Protein chains: 2
Amino acid sequence: MVTIADVARDAGVSASTVSYVLSGKRSISADTRRRVESSIRRLGYHPHAGARALASSRTNVLALVVPLRTDIHVPVVMRFVTSVVTAAREYDHDVLLLTNDEGPDGLRRVAASAIADAILVMDVEAEEPRIPVLQSLLRPVVLIGVPDDPAELSCVDLDFHAAAARCVDHLADLGHEQVALIGPSPTVYERGTSFAGRFLRGFTGTAHERALHACAHSCAPSYEAVRECVDKVFADQPETTGLVVHNEAVLGTVLSELQRRGRRVPDDISVVAVCPEDMAVSFSVPLTTVAIPSNDVGRLAVEMVIRQLDGAAAPEVRLLSPRLNQGHSTAPRR
Amino acid sequence: MVTIADVARDAGVSASTVSYVLSGKRSISADTRRRVESSIRRLGYHPHAGARALASSRTNVLALVVPLRTDIHVPVVMRFVTSVVTAAREYDHDVLLLTNDEGPDGLRRVAASAIADAILVMDVEAEEPRIPVLQSLLRPVVLIGVPDDPAELSCVDLDFHAAAARCVDHLADLGHEQVALIGPSPTVYERGTSFAGRFLRGFTGTAHERALHACAHSCAPSYEAVRECVDKVFADQPETTGLVVHNEAVLGTVLSELQRRGRRVPDDISVVAVCPEDMAVSFSVPLTTVAIPSNDVGRLAVEMVIRQLDGAAAPEVRLLSPRLNQGHSTAPRR
DNA sequence: GAATGGAATCGAAGCGCTTCGACAGTCTCG
DNA sequence: CGAGACTGTCGAAGCGCTTCGATTCCATTC
């Protein structure tokens with residue numbers, strides 16, 4: 001293994017000088033810097049992560065807690081994960097993958113043994129049970145999702161309340177008077193997943209404000225559940241002409257089910273989906289969507305946590321404003 | 001921070017004794033062990049990962065290289081990832097998530113800076129370009145997938161050749177004479193993804209042996225592509241009564257497309273899918289499948305790499321035998 | 001009863017790095 | 001021209017752990 005001492009010898013300087021070249025924490029003459037850098041390259045030197053962590057109490061690793069559930073749409077989760085990894089690398093950090101199945105002890109272990117400098121948590125519930133542990137960790141934490149009481153922890157997420165409002169307003173503006181929401185799986189609501197409740201409240205609240213008839217149904221990700229759910233919508237409100245789908249997993253099934261029933265999109269019924277942008281274009285009708293900005297959220301989470309690590313920022317709650325992308329799945333009511 | 005010295009003082013022994021209690025590398029009297037363990041618990045001691053790595057040259061971290069592509073089915077990827085994480089934790093290891101976008105340098109960096117002890121690689125191509133780098137790393141590597149020339153690297157995967165054979169045999173045994181394969185996206189084949197080619201060869205080879213008429217088509221994950229693909233199948237072979245779908249992303253769409261055309265499953269056409277077991281039951285007809293054993297593969301990959309780390313095993317190629325689960329989507333030809 | 005060997009423990013060295021204080025040399029300015 | 005400030009570099013300490021003798025104590029064995 002190539003050590004800092006090898007580089008120092010090769011460049012004719014001391015080890016500390018090499019360290020300062022690398023960290024930039026003290027000024028170095030241009031000539032020395034050049035020599036050291038060329039030695040580093042020539043020898044293929046990479047600082048030993050453990051040694052560095054030991055000496056500096058910084059690992060340059062972020063821990064990311066991902067959900068193992070399957071009722072939450074996996075491709076969406078994966079988008080967050082990759083955006084976090086990508087952003088982390090830009091700030092010279094790596095990402096350690098954690099699941100919840102070790103429970104709070106897993107978090108304590110990672111924090112106490114200094115495997116990671118900070119922790120990012122996905123799949124946040126409204127009454128998030130992990131908050132006490134996370135607070136006790138004495139490390140920066142960013143929640144991807146917003147619990148009812150963030151308790152001094154950083155949070156970042158799409159503003160799902162506003163997103164729902166945006167959907168309803170769009171449909172109302174187009175003249176639709178009976179609207180329906182097909183939401184996430186019942187299990188998602190039961191668990192109190194933070195974004196689900198926020199969206200639902202935004203939906204019903206705005207529908208009420210705009211004086212629309214509205215109904216909302218959760219929907220499990222199965223063929224039968226979708227069928228049943230669509231049944232319920234038209235049973236509740238036969239004249240429903242505006243549909244908001246907040247459930248990526250059943251989106252395709254809902255569309256083909258509408259088709260099967262002879263309801264044309266957007267002629268007979270307008271559909272707004274809440275999903276990642278690139279998902280919207282993979283259907284026969286490019287969908288009008290409120291995008292889930294996984295990339296922005298992931299990147300922002302990383303930036304927030306890095307700034308906290310640098311002591312340059314206090315915890316804060318950031319809600320991203322929703323953007324509606326007009327597709328061909330919504331049209332004025334006829 | 002609680003250090004080993006704190007524990008030692010608390011238990012009235014030396015630091016090295018605490019270390020030996022933890023590692024079990026020397027014998028310790030029952031009494032001492034008890035005292036040390038209770039001190040550890042009382043003080044909430046967790047060994048500092050960096051210090052440990054420095055002293056022992058072992059990080060207890062496995063790096064996992066995941067694909068960012070979306071033409072490969074994300075939920076399947078995620079299943080592998082979670083099974084790797086879960087298995088790794090059982091062997092007291094954590095998982096560092098790597099993507100390919102740093103290229104070979106990323107691998108070198110992780111290996112040279114001793115961030116991880118070993119590397120697991122997903123999304124392996126037939127002519128895997130990363131093999132030279134991986135070999136130069138001087139660390140255990142396990143490929144999840146089998147390249148044409150593994151070159152002394154460990155590999156583990158489902159035996160896709162045998163899996164295809166199993167599908168075709170099943171259909172042939174049921175009396176079907178014209179069979180078709182709907183395979184992964186064209187981009188997957190173009191890239192030379194290892195499992196795609198192996199499956200395709202298994203399909204055509206076995207169909208030939210069993211004297212069946214067979215055709216195979218790749219299929220992009222879009223509504224139009226599925227439609228076109230199904231068109232092609234029945235244009236090529238109007239009497240096709242056996243269909244193998246090796247493309248999780250379009251499975252649902254293919255089924256509804258068949259339905260749309262009035263081809264009942266399994267009455268008019270038998271369908272065998274290659275997908276994770278739990279995915280098979282989420283359709284209106286529980287599918288006959290050859291399961292992709294993500295859990296077994298992920299766990300096996302971890303076990304192989306751990307055994308190599310312990311010096312207890314040499315690199316090897318492990319192909320898991322396919323298992324066919326009879327569902328309700330296949331029936332004798334009428 | 002001296003020699004042998006095993007069990008249990010300790011002390012010290014060392015893993016590769018960062019960081020602090022010291023110092024020599026060079027500038028700047030009154 | 002000497003005090004003071006700044007620049008660039010070095011040496012040494014120390015981060016928390018593992019591991020290699022060395023040591024002590026006891027039980028065997030002939």
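Because the structure is a prediction, the values reported are computed rather than measured. In what follows, every chain begins at residue 1, and chains take the letters A, B, ... in the order their sequences are listed.
Between D:dT18 and B:Lys25, no contact under 4.0 Å exists linking OP1 or OP2 to a side-chain N or O. Contact check, B:Ser56 against C:dC15: no side-chain N or O comes under 4.0 Å of OP1 or OP2.
When each of A:Ser29 and B:Leu22 is assigned the nucleotide of DNA chain D with its nearest heavy atom, A:Ser29 is the one assigned upstream, toward the 5' end. The residue among A:Ser23 and B:Ala30 whose nearest nucleotide of DNA chain C lies closer to the 5′ end is B:Ala30. Of the two residues near DNA chain C, B:Leu54 and B:Asp31, the one whose nearest nucleotide lies more 5' is B:Asp31.
Checked against C:dT19, C:dA8, D:dG11, the side chain of A:Ser14 finds its nearest nucleotide in D:dG11.
Between the CZ atom of A:Arg58 and the P atom of C:dT19 there is a distance of 10 Å, given to the nearest Å. Computed from coordinates, the B:Ile115 CD1 to C:dG16 C1' distance equals 15 Å when rounded to whole Å. If you take CZ of B:Arg9 and P of C:dT9, they are 19 Å apart, rounded to a whole angstrom.
Judged by distance alone, with hydrogens and angles left aside, B:Tyr20 brings no side-chain donor or acceptor close enough to the base of D:dC17 to form a pair under 3.5 Å. Taking only distance into account, the side chain of A:Ser16 meets the base of D:dG11 through a donor-acceptor pair shorter than 3.5 Å. Evaluation of atom-type donor-acceptor distances gives no pair under 3.5 Å for the side chain of A:Arg26 against the base of D:dT7.
Backbone-only engagement by B:Thr3 is indicated by non-hydrogen atom pairs under 4.0 Å involving sugar-phosphate atoms exclusively.
Side chains of B:Val65 and B:Met122 form no contact here, defined as non-hydrogen atoms less than 4.5 Å apart.
Defined by atom type and a distance below 3.5 Å, a donor-acceptor pair is missing between the side-chain atoms of B:Ser56 and B:Arg58. Judged purely by distance below 3.5 Å, without hydrogens or angles, the side chains of A:Asp159 and A:Ser321 never pair a donor atom with an acceptor atom. Side-chain contact, B:Thr86 with B:Ser83: no donor N or O sits under 3.5 Å from an acceptor N or O.
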